[in-house]
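The figures that follow rest on heavy atoms only: side chains count, while hydrogens, waters and symmetry mates do not.
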Amino acid sequence: MLAIARQRMLGQSFKKILPAVSVLRSYSSAAKQVGEYQGAYKITKGLLEKYGPERVLDTPITEAGFTGIGVGAAYYGLKPVVEFMTFNFSMQAIDHIINSAAKSNYMSAGQISVPIVFRGPNGAAAGVGAQHSQCYAAWYASCPGLKVLSPYNSEDARGLLKAAIRDPDPVVFLENELLYGESFPVSDEVLDSSFCLPIGKAKIEREGKDATITAFSKMVGYALKAAEMLEKDGICAEVINLRSIRPLDRATINASVRKTNRLITVEEGFPQHGVGAEICASVVEESFSYLDAPVERIAGADVPMPYAANLERMAVPQVEDIVRAAKRACYRSVPLAATA
């Protein structure tokens with residue numbers, strides 16, 4: 001009965017809502033809309049022409065409004081993809097994401113599924129200040145009912161986004177604005193129409209034996225650069241691209257630590273209650289006896305993001321920070337405590 005009532009109620013609601021959306025579009029037809037502009041950062045380029053205005057909808061900049069409509073559409077059986085120009089703006093819609101989307105399946109005893117994807121750039125960009133530079137990986141990953149993915153390269157983006165859209169649960173898809181401008185090699189396998197990546201599975205981007213470095217999004221590239229520098233000093237680092245923040249691939253992380261006996265976690269977000277803190281807890285719980293050195297956590301500074309370029313660089317992790325941490329873990333440099 002709940003499902004039948006829900007369908008009737010939502011059917012009536014959407015009959016009222018959709019004409020209003022059409023009216024909004026008609027009144028603003030003189031100005032170029034986001035969809036006509038090919039989306040924020042051109043990420044949705046070509047979708048409007050391919051699928052038409054009934055499937056690619058422009059909205060006012062009212063995150064709470066269009067996110068709520070998206071969640072309602074997911075209740076009704078559609079599979080909306082809600083784009084935030086930046087995840088900093090998702091704070092306007094966080095009630096719908098967490099209370100409406102993430103909890104509905106549990107609160108309805110499995111009768112309501114919410115197959116929706118929330119996607120957009122996450123984390124620090126460049127010169128946009130404290131209110132537009134936050135990493136929301138730990139924020140959303142702490143909430144049961146959500147799945148949180150964060151791609152690094154083109155392979156991740158293609159495979160994980162397809163998995164997110166096909167998933168029956170709400171997925172937060174955290175991209176990175178600075179990675180939009182980077183190019184990555186793509187194999188024929190990735191270009192195949194059947195290519196899809198599993199949610200909850202990390203990828204070992206570089207194998208090693210001396211230290212494990214975990215990272216996600218842009219920090220994977222930094223970790224790989226750090227591993228190249230460490231190799232010149234005789235340290236063979238293993239780099240794990242997490243891909244999935246929730247669920248977290250604890251098995252891959254712990255298996256690597258049991259091989260290398262050292263762990264360095266890297267993330268852009270704040271250090272307290274971060275993704276790295278959760279990884280550290282997992283390793284201490286499951287692989288403590290394998291550790292030969294204290295765990296090293298590299299994260300953003302515990303301050304709001306500065307606007308000045310020189311201070312901004314100091315507030316986010318750099319390749320050199322990862323190199324120093326790995327050397328400390330391998331006892332190749334003076335520990336921080338000794339220099340305090």
Side-chain angles (χ1 to χ4, degrees), residues 122-126 133 135 137-138 150-153 156 174 176 178-179 182 184 202-243 245 248-249 252-254 256-257 259-272 274-284 291-303 305 310-340:
N122 171 68
S133 301
C135 175
S150 187
Y152 160 59
N153 55 21
D156 292 357
L174 303 173
N176 185 277
L178 297 180
L179 288 178
E182 291 195 26
F184 298 92
K203 179 185 179 183
I204 297 178
E205 296 283 353
R206 178 189 175 112
E207 293 191 356
K209 60 182 180 61
D210 297 324
T212 296
I213 305 175
T214 65
F216 61 94
S217 190
K218 186 176 67 173
M219 290 295 107
V220 176
Y222 282 28
L224 290 170
K225 290 178 182 177
E228 292 177 3
M229 296 172 65
L230 290 166
E231 189 174 31
K232 297 176 183 178
D233 291 329
I235 297 174
C236 184
E238 182 152 290
V239 177
I240 297 178
N241 173 7
L242 295 176
R243 284 181 169 171
I245 311 300
L248 188 65
D249 189 355
T252 294
I253 296 168
N254 278 277
S256 178
V257 170
K259 178 177 67 173
T260 67
N261 309 116
R262 294 171 177 83
L263 173 65
I264 301 97
T265 70
V266 187
E267 64 185 307
E268 279 189 307
F270 300 130
Q272 186 159 322
V275 175
E278 180 64 25
I279 292 173
C280 291
S282 175
V283 169
V284 167
L291 288 171
D292 288 343
V295 174
E296 295 279 350
R297 280 198 299 154
I298 304 298
D302 199 20
V303 296
M305 179 65 72
N310 58 334
L311 297 178
E312 182 183 64
R313 190 181 190 280
M314 296 172 65
V316 295
Q318 302 297 325
V319 174
E320 297 80 10
D321 299 323
I322 304 172
V323 171
R324 284 194 291 267
K327 287 184 176 180
R328 286 196 299 269
C330 294
Y331 301 106
R332 300 290 184 88
S333 65
V334 179
L336 282 177
T339 61

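For the residue pair P294 and Y331, the shortest heavy atom distance occurs at CD-OH, 3.8 Å. Taking all atoms of both residues into account, the shortest heavy-atom contact from A223 to A215 is CB-CB, 4.2 Å. Scanning all heavy atoms of the two residues, the minimum distance from I245 to A137 falls at CG2-O, 4.2 Å. In plain terms, the two heavy atoms of V283 and N254 that are nearest each other are CA-OD1, 3.5 Å. Minimum heavy-atom separation, P317 to I298: CB-CG2, 3.7 Å. Across A124 and V316, no two heavy atoms sit closer than the pair CB-CG1, 4.1 Å.
Side-chain polar atoms of E238 and S256 form a donor-acceptor pair below 3.5 angstrom.
The OG1 atom of T212 sits 11.0 Å away from atom CD1 of I279, with the distance rounded to the nearest 0.5 Å. For the atom pair CG of L242 and CD1 of I253, the computed distance is 5.0 Å after rounding to the nearest 0.5 Å. D292 contributes atom CG, which lies 12.5 Å from atom CG of L263 (distance to the nearest 0.5 angstrom).
Contact annotation: the side chain of E268 never approaches that of Y222 to less than 4.5 Å [non-hydrogen atoms, C-beta and beyond].
For the side chain to side chain donor-acceptor pair (under 3.5 Å) criterion with E296, the lone passing option out of R328, R262, R324 is R328. Of the options D249, T214, D156, I204, a side-chain contact (heavy atoms from CB on, under 4.5 Å) to N241 is made by D156 and by none of the others.
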Please walk me through it: do E267 and C135 pass side-chain contact (heavy atoms from CB on, under 4.5 Å)? CA-CA 9 Å; E267 64 185 307; C135 175; 5.8 Å; no

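One finds a salt bridge joining D233 and K327 here, because a Lys/Arg side-chain nitrogen approaches an Asp/Glu carboxylate oxygen to under 4.0 Å.
For Q318, the CD atom counts as densely surrounded, since its 6.0 Å shell holds more than 12 non-hydrogen atoms of other residues, nucleotides or ligands.
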